[in-house]
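Only heavy atoms go into these numbers, but all of them, side chains included; no hydrogens, no water, no symmetry mates.
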Amino acid sequence: MLHSMKKKPFSALLLAWLACMLVLPSAATASSVKLTESAQSKLSKQIAASSSSMKEKLTTQKQYLTALQQKEDSLDTSIASLHYNNGKTLADVKTRIAQVDAARIAKLTQAVNETKARYQPLFALYTTLNTQIKDAKFLKLKLLAATLQAQADNLKPATQLARLDIRLKEEALKAAKAITAAKIKHLRAKLAETDPLRSQITSVQAVVSGTKKNISPVVKTLNEAIKAGSGEGSLQSLTTLVAISRSIVEQKQRVLSFETRIAGVIRDTKAELLAASGS
């Protein structure tokens, strides 16, 4: 078999290869320009029957188109993979941001609550004594009022220290919450740098969609030129398809660059997040 293949002219092999590779005939690729297998076969026959000069021009344009289609397929794969990873990592970073210093805040909150609970009997006793003092004075029970007042006076320093202890713990909690809020605000602002990049992607995708609308009429014209046996017509259509494909590839390269920048923002934010969580 190999021996027989060696006997075939190189140009015939090239044309057969180009016919197989031309424009998205299968679901495995994602390039934008499409020709039917029948059209590809007829185009290959037209090229084979053309003059040497026209054959070279048509073959060159088909090669350009094939290369651009392969580049577009590669870009689509890279964009899809990066977009998926960006979405997954972004969701993880957002979740982690919401949990920044959560354990520390919970610990300080628990300390406040436990301190208040510990001093509650002291405050209750002090409040009860003061109520009883008022009642004794109202009933003109001076000796009882004096005795109760002495007990209240003895408790007053302890209640003052208890209130100071609670206030200090509450201030520590408030300060920690403020620091945490600032960290979260900064990290979310950092992530927000991806928003204009996503807007750019949306704009570029709109351009690609608009460009793709030009493909069908050109493919139709190419099919008509092939049917009519017009080498010049086929060349003009192929050249236009190459220009369209090149434009789409350039736009998708921009999308990939935006996704790459988004990945960088997420990566930098994650690094700051880890540093903030450790501080």
Handout entry: Gln251: side chain to side chain donor-acceptor pair (under 3.5 Å) partners, not counting sequence neighbours
Key = Arg254
Problem - Pairs flagged by side-chain hydrogen bond (donor to acceptor under 3.5 Å, both in side chains) wherever residues 227-242 is involved - sequence neighbours left out - result: Gln46-Ser234
Exercise for the section: Would you please test Ser247 and Lys252 for side chain to side chain contact (heavy atoms under 4.5 Å, CB included) and show each step? Expected result: CA-CA 9 Å; Ser247 175; Lys252 289 189 176 183; over 6 Å; no
Handout entry: Pairs meeting criterion side-chain hydrogen bond (donor to acceptor under 3.5 Å, both in side chains) with involvement of residues 193-210, two or more places apart
Key = none
Practice task
Using side chain to side chain contact (heavy atoms under 4.5 Å, CB included) as the criterion, list what pairs up with Tyr126, not counting sequence neighbours.
Solution key: Asn130, Ala152, Leu155, Lys156, Thr159
Practice task
Any pair with a residue in residues 133-153 that passes side-chain hydrogen bond (donor to acceptor under 3.5 Å, both in side chains), sequence neighbours left out, goes on the list, sorted by first then second residue, please.
Solution key: Gln149-Asp153
Handout entry: Pairs meeting criterion salt bridge (charged side-chain N to carboxylate O under 4.0 Å, His left out) with involvement of residues 259-268, two or more places apart
Key = none
Completion exercise
Cluster membership besides Val207, Ile/Leu/Val/Met/Phe/Trp/Tyr side chains within less than 4.5 angstrom, sorted by chain and number, is none
Problem - ILVMFWY cluster membership beyond Ile105 - transitive side-chain contacts under 4.5 angstrom - result: Leu108, Val112, Leu173
Problem - Asp165 (side chain) donor-acceptor with Leu161 (main chain) under 3.5 angstrom - result: no
Exercise for the section: Would you indicate whether the side-chain heavy atoms of Ser52 and Glu56 approach each other to under 4.5 Å? Expected result: no
Practice task
Give a yes or no answer on whether the side chain of Lys183 reaches the backbone of Ala276 with a donor-acceptor pair at less than 3.5 Å.
Solution key: yes
Problem - For Gln253, side chain to side chain donor-acceptor pair (under 3.5 Å) partners two or more places apart - result: none
Practice task
Using side chain to side chain donor-acceptor pair (under 3.5 Å) as the criterion, list what pairs up with Thr131, not counting sequence neighbours.
Solution key: none
Exercise for the section: Using a 4.5 Å cut-off on heavy atoms from C-beta on, say whether the side chain of Leu43 contacts that of Leu238. Expected result: yes
Exercise for the section: Name all pairs fulfilling the side-chain hydrogen bond (donor to acceptor under 3.5 Å, both in side chains) condition that reach into residues 88-97, sequence neighbours left out, sorted by first residue then second. Expected result: Asp92-Arg96
Practice task
Among Ile, Leu, Val, Met, Phe, Trp and Tyr joined by side-chain contacts under 4.5 Å, find the other residues sharing a cluster with Tyr84 and list them by chain and number.
Solution key: none
Completion exercise
Between Leu187 and Ile97, the two heavy atoms sitting closest are CB-CD1, 3.7 Å
Practice task
Under the salt bridge (Lys or Arg N to Asp or Glu O under 4.0 Å) rule, what do Asp101 and Lys177 come out as? Steps first, then yes or no, please.
Solution key: CA-CA 9 Å; Asp101 292 344; Lys177 285 183 176 180; over 6 Å; no
